Amino acid sequence: MKTQNQKAWYFVLPVLLLVAFNALIPMMTVVNYSVQETFGNNVFFWEGLRWFEELLNSDRFHAALGRQFLFTGLILLIEVPLGIIIALSMPRKGPWVPVCLILMALPMLIPWNVVGAMWNIFTLPDIGLLGYLMNTTLGIDYDMTQSPFAAWATIITMDVWHWTSLVVLLSYAGLVSIPDAYYQAAKIDGASPFKVFRYIQLPKMKQVLTIAILLRFMDSFNIYTEVFVLTGGGPGNSTTLLSIDLVKIALGQFDLGPAAAMSLIYFAITLLVSWLFYTLMTKDDAK
Amino acid sequence: MAKITLSKLRHSYMPNPTSPDDYALKEIDLDWSDGGAYALLGPSGCGKSTLLNIISGLLEPSEGQILFDGKDVTALPPDQRNIAQVFQFPVIYDTMTVFDNLAFPLRNRGVDEARVQRRVSEIATMLEVTDLLGTKAAGLSPDNKQKISMGRGLVRDDVNVVMFDEPLTVIDPHLKWKLRSKLKELHQKVRATMIYVTHDQTEALTFADQVVVMQDGEIVQIGTPVELFERPAHTFVGHFIGSPGMNVLAAEMRDGGAFLNGHHIALEGAVTAQDGTPQIGVRPEFVRIGDTGLPATVRKVSDIGRHSVIEAMVGDTSVKAITEGAVPEQGADVHLQFQQDQTRLYRDGWLATEGAAS
Amino acid sequence: MTLQVSNITKIVAGQVHIKPTTLTLETGHFNVLLGKTGSGKTSLIKMMAGLDPIADGQILMDGQDVTKLSTQKRNISLVHQFFVNYPHMTVYDNIASPLKVAGMAQSEIQGRVEEAADILQLRPMLNRRPHELSGGQQQRTALARAIAKESRAVFLDEPLANLDYKLREELREQLPELFAGRGAVVVYATSEPEEALLLGGYTGLMDDGNVAQFGPTAALYRKPETLVAAAVFSDPPINSATVTKEGNIVRMGDAVWDAPDAGMADGNYVVAVRPHHVSPVQTAKNTVALSGEVLVTELSGSESSAHFRMPSADWVSLAHGVHPYEIGVTHPFYLDPSACFYFAPDGARVIGETA
């Protein structure tokens with residue numbers, strides 16, 4: 001192996017430096033905070049694992065984590081099947097293809113805080129288009145600043161509106177890569193549309209779906225901006241997801257130590273669940 | 001199994017075809033009998049795949065009818081035509097086992113499980129894939145994948161026709177002959193009507209009892225492999241079949257005879273057509289190098305082991321000859337002799353001499 | 001130009017993919033690498049082109065060590081089995097692209113592109129884009145790019161494999177003329193023995209990551225040194241069987257023929273004979289009668305082949321014309337004893353001289 005070209009490593013070096021600078025160093029700072037207590041002025045007291053123990057036994061943390069899982073679970077359950085259905089119903093040839101693709105991509109192009117603000121105004125009971133329609137025309141009592149159910153329905157709808165496109169576009173990319181011969185063969189083999197989906201489309205979409213689910217899991221599990229702008233975590237604590245709670249502790253209460261410990265646990269959970277998803281979904285390929 | 005009739009069939013990919021050139025498939029009338037092995041042979045773009053897709057129902061023809069056993073199926077979709085098709089690239093259901101892949105067309109039609117078991121194991125035995133039945137289809141080699149695709153085409157015994165669309169494209173050259181002969185063997189066992197589309201003369205001639213040669217959307221000759229080789233009805237057939245193909249030489253007609261570069265060439269029989277550009281057709285196998293005959297200069301000698309291909313220039317015309325044994329040197333002056341009963345006249349491409357025997 | 005490789009090796013994850021290989025490739029004729037899929041042709045080409053790392057050994061161009069020189073700096077061309085052209089560029093720009101990269105003057109580029117286009121009959125297509133071309137035209141564009149570039153070495157990796165049969169025949173005939181007198185070392189990989197013979201020049205027979213034999217193509221075909229070399233250079237597959245030499249005769253089952261003159265000691269040998277030396281008809285040369293059950297027959301244009309089963313081995317016969325075989329029936333075949341190669345029992349070396 002002595003003449004093996006080792007130059008490639010130099011090309012990776014900038015990336016390694018960048019990752020070190022924007023990920024490793026901040027992370028080590030967080031680790032540092034998580035085992036100490038501070039009251040400002042850059043004075044620190046050693047606390048060991050105290051924050052971790054307290055946090056893992058805290059009802060507030062459990063509730064926020066539960067809400068976070070509920071949110072992610074719900075949006076995955078809605079967005080993945082919905083995304084696949086939309087992708088399946090999109091045209092695969094002809095002049096409508098670019099139109100559909102652009103329409104689909106639009107929501108994703110809007111900045112996150114704008115999405116939150118848009119939906120906030122949209123749902124106002126007195127002047128918001130949706131809020132006004134629901135209350136006045138349909139006669140449904142809808143005010144997400146009062147009802148936790150309405151707040152949840154709104155954040156879920158907002159996320160579905162914002163991010164189903166990602167699942168659609170990735171699934172669509174998987175679908176158009178299937179050669180015509182597969183559909184022709186299935187027709188000739190007498191396969192029903194469901195079987196075509198089950199044995200041709202789904203297996204061929206599997207890889208991109210794995211990516212879509214992973215991305216949607218990570219993004220929704222770490223969601224902050226849109227929900228914060230829309231509900232601020234309310235009414236009460238009903239939509240205080242993990243990330244919102246974290247910011248409350250860190251910046252609202254300036255409890256840097258507990259917040260750092262929470263960040264690390266948060267990070268560990270995201271990593272663990274992503275790994276689980278990935279392992280489960282690629283299990284068959286390894287065989 | 002069924003007899004297939006194509007009646008006044010034409011197809012154009014344009015919405016409003018006007019001139020004959022707008023048609024990817026020019027008018028075709030054809031009868032294929034029950035249980036025969038047929039090949040559609042031609043270069044890419046000759047319309048053979050269009051014709052195949054029309055027969056399978058993936059494409060609806062602009063004009064004309066397709067009849068299976070006299071019944072008009074022109075408007076029926078593929079799944080109602082009771083056909084099977086094997087594609088150029090293997091189509092397998094990745095997530096299923098080999099067994100389930102083979103059983104798929106049967107189970108979709110509600111065939112009872114005992115019969116499914118029997119048919120699948122029969123086909124697996126024929127294709128020599130019995131020990132693969134339990135494995136997932138995704139991990140197979142390309143040639144085994146294509147065998148499974150073929151198996152799905154053959155597993156139903158009630159199909160009207162089994163069609164193969166260049167099925168050996170992805171097969172390693174050194175395995176091709178095995179699958180080629182396997183297909184022939186399968187046809188002899190199952191006796192289904194089979195149509196095989198290819199640009200490869202060996203595949204077509206090996207597989208088929210009758211070969212349909214196509215060029216530019218038109219059928220130029222239908223015949224047995226021997227007929228196509230021995231008496232090409234069109235210069236294209238002569239050129240396309242055989243390697244190297246038939247010599248097609250610009251000729252001059254005068255005094256009731258054919259002349260090549262000023263030398264009279266004896267033809268197999270009487271000339272039957274008086275109009276059209278005259279060309280002489282003679283296969284390299286029937287051109288001999290001798291002491292007398294057409295004077296020519298050797299341009300190139302290719303030793304391909306079992307014989308040599310000599311390219312000689314008669315004036316500006318290049319003539320190829322196949323020789324076994326001693327070969328002349330490049331640049332040498334030689335004489336060429338055309339075997340008379342294998343030397344024909346073509347006019348505007350079409351055969352224009354009477355056969356020596358008939 | 002001379003391209004020399006000396007003891008180059010490829011090792012991937014501890015496995016030897018290309019065994020130490022030493023070759024001297026010259027300009028003025030085709031250098032063919034012949035072998036089955038997976039025998040290492042493409043690997044060897046990529047190593048010579050500098051696209052794949054080599055574990056050991058040296059590559060010299062005109063005596064200059066280029067082992068560590070990047071592909072871009074070696075001035076070489078590579079044409080793949082798949083048609084590789086820039087889809088967004090016209091044929092002209094595709095052919096001109098390497099010249100533009102080299103910073104050549106516009107007028108010279110035009111001259112070279114037009115010359116290459118003329119040779120490959122691409123003149124009328126210069127303003128089209130690759131997707132408007134047929135497969136043959138696309139591959140001709142790729143070849144024109146290689147020609148216009150005037151590289152020191154041109155690597156052609158099964159460039160005709162994806163073309164129609166007849167088109168392949170035509171381009172194959174033109175190829176040696178295209179590169180004649182251009183001064184580039186041409187390396188051509190193929191899996192078809194007949195293609196190697198038609199292209200002439202020199203051939204390296206590849207098997208399992210190893211160049212089994214290298215030499216002038218026709219000589220190699222007539223004098224294989226090992227059974228492997230004989231087998232690589234045969235399509236349909238070469239016939240082989242174990243024979244016994246006793247005194248003046250060679251015995252294979254019931255068949256007996258005169259032993260070749262060259263001093264062969266009595267004992268067992270492996271005989272190998274190409275399919276076209278086994279004929280269904282008796283001739284002055286094909287004298288030794290064999291018989292076997294016909295398993296499979298094939299017809300390719302003017303030739304027909306039959307695979308038949310004898311007690312000792314399955315053999316193939318290839319003959320001109322169409323022969324009336326019946327599957328499952330025992331037919332007579334006649335062997336030409338003067339065309340037999342004899343190898344040591346392990347097939348490792350050839351014994352005696354052959355015609």
Side-chain angles (χ1 to χ4, degrees), chain A residues 80-81 84-85 87-89 91-97 170-214 277-287, chain B residues 49 52-53 55-59 76-97 100-111 135-139 145-146 148-156 158-167 169-170:
Chain A
V80 173
I84 294 174
I85 290 170
L88 284 173
S89 51
R92 257 158 253 156
K93 282 189 190 106
W96 289 103
V97 171
L170 284 170
S171 305
Y172 185 75
L175 280 176
V176 290
S177 72
I178 303 174
D180 281 348
Y182 277 79
Y183 294 110
Q184 296 172 350
K187 263 190 209 170
I188 288 165
D189 287 341
S192 60
F194 172 74
K195 281 188 174 168
V196 172
F197 173 71
R198 169 73 186 78
Y199 294 112
I200 296 175
Q201 292 169 324
L202 198 58
K204 296 276 170 197
M205 278 194 290
K206 205 182 137 196
Q207 279 190 326
V208 283
L209 270 183
T210 305
I211 297 170
I213 292 175
L214 266 181
F277 262 126
Y278 187 78
T279 317
L280 285 177
M281 286 188 293
T282 54
K283 192 179 57 172
D284 287 351
D285 302 346
K287 267 193 273 179
Chain B
S49 296
L52 190 77
N53 287 341
I55 299 170
S56 64
L58 296 169
L59 198 66
L76 291 184
D79 53 321
Q80 289 174 34
R81 289 195 187 188
N82 227 359
I83 50 159
Q85 186 165 354
V86 178
F87 295 86
Q88 191 171 9
F89 297 98
V91 174
I92 53 148
Y93 302 103
D94 284 341
T95 52
M96 297 185 196
T97 61
D100 291 339
N101 259 281
L102 291 174
F104 196 60
L106 299 175
R107 286 180 177 156
N108 285 336
R109 289 177 172 81
V111 173
T135 50
K136 267 241 179 108
K145 281 187 181 174
Q146 192 61 315
I148 304 309
S149 303
M150 287 178 185
R152 278 209 327 278
L154 298 165
V155 73
R156 294 170 53 210
D158 59 340
V159 291
N160 286 318
V161 56
V162 187
M163 293 185 292
F164 300 91
D165 188 1
E166 311 228 3
T169 306
V170 292

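Since this is a predicted model, take the numbers as computed values, not measurements. Atoms considered below: every heavy atom in the structure, side chains included; atoms not considered: hydrogens, waters and symmetry mates. Chain letters run A, B, ... following the sequence lines, proteins first and then strands; every chain starts at 1.
Closest of all the heavy-atom pairs between B:P105 and B:R152 is CG-O, 3.8 Å.
Not a single salt bridge (charged side-chain N to carboxylate O under 4.0 Å, His left out) links A:R198 to another residue, sequence neighbours left out. Residues passing the side chain to side chain donor-acceptor pair (under 3.5 Å) test with A:S171, sequence neighbours excluded: none. Here B:F104 pairs with A:Y199, B:Y93 under the ring-ring contact (aromatic ring centres under 6.0 Å, His included) rule; sequence neighbours left out.
Interface remark: of the candidates B:I92, B:T95, B:D79, B:V91, B:V91 forms the most heavy-atom pairs closer than 4.5 Å to chain A.
Counting only heavy atoms from C-beta outward, the side chains of B:R81 and B:P78 never approach each other to under 4.5 Å. Side-chain contact between B:S49 and B:D165: present, with at least one pair of heavy atoms (C-beta onward) separated by less than 4.5 Å.
Residues of residues 189-197 of chain A that come closer than 4.5 Å to chain B, counting heavy atoms only, are A:D189, A:G190, A:A191, A:K195, ordered by residue number.
Heavy-atom distances place the side chain of B:L58, and not its backbone, under 4.5 Å from chain A.
At a threshold of 4.0 Å, the pair A:D180-A:K93 counts as salt-bridged, since one of the basic side-chain nitrogens sits closer than that to a carboxylate oxygen.
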